[in-house]
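Step one of this worksheet: look at the structure below.
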Amino acid sequence: MTLPDERYRAVMQAERLLKDLCDPSVTPRVPKEIRQRASSVLRHWPGEYYIKRLAHESPDIIETAAAEPDPLYKIIKEHTVK
C-alpha cells in the first residue's frame, strides 16, 4: 500500500531523475532521444507550488514531506539505511 507521503517523495524523485537525464554531466552516455523525452516531460511537470496545493486540497492522495511521515516508515528507514 502506498502512503500519501510516499507518493510525494516518488513525484519529487521522478522530477530529480528527469532532470538528471537531461544533464550529460550527471548521466553520461544517455541517448539524445531519452534526453529529449525527459526534457519534454519536464516542460509540463507540476512545480512544487502545484504539488503542495494538491497536498493541501487532497491530503489523502499526496502529503508533502513537511508533514510528519508515517511512523512505520520512519522505523523501517532508521533500520535499513546505514
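Just so it is clear, the values below take in all heavy atoms, side chains as well, and ignore hydrogens, waters and symmetry mates.
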So if you build clusters from Ile, Leu, Val, Met, Phe, Trp, Tyr with side-chain heavy-atom gaps below 4.5 Å, do [X] and [Y] land together?
X	Y	answer
M12	I62	yes
V11	L21	no
I34	L17	yes
I51	L42	yes
W45	L54	yes

Taking all heavy atoms of [X] and all of [Y], pick out the closest pair and write down the distance.
X	Y	result
C22	S39	SG-N, 3.5 Å
A55	E63	CB-CA, 4.2 Å
T64	K52	CG2-CG, 3.7 Å
R29	R35	N-NH2, 4.1 Å

**Report entry** Gap separating the CZ atom of R7 from the CG atom of D60, nearest 0.5 angstrom
**Finding:**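 The distance works out to 8.0 Å.
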Requested in this report: Indicate yes or no: does K19 engage E15 in a salt bridge with an N to O separation below 4.0 Å.
Outcome: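 Between E15 and K19 there is a salt bridge, with a charged N closer than 4.0 Å to a carboxylate O.
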Measure the shortest side-chain to side-chain distance between [X] and [Y] over non-hydrogen atoms and say whether it is less than 4.5 angstrom.
X	Y	answer
P46	R53	no
I61	P59	no
R9	D5	yes

Requested in this report: Report, as yes or no, whether the 6.0 Å neighbourhood of atom CZ on R16 holds more than 12 heavy atoms from other residues, nucleotides or ligands.
Outcome: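 Result for CZ/R16: enclosed.
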Query - Crowding at CD, Q36 (>12 non-hydrogen neighbours, <6.0 Å) - result: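 Yes, enclosed.
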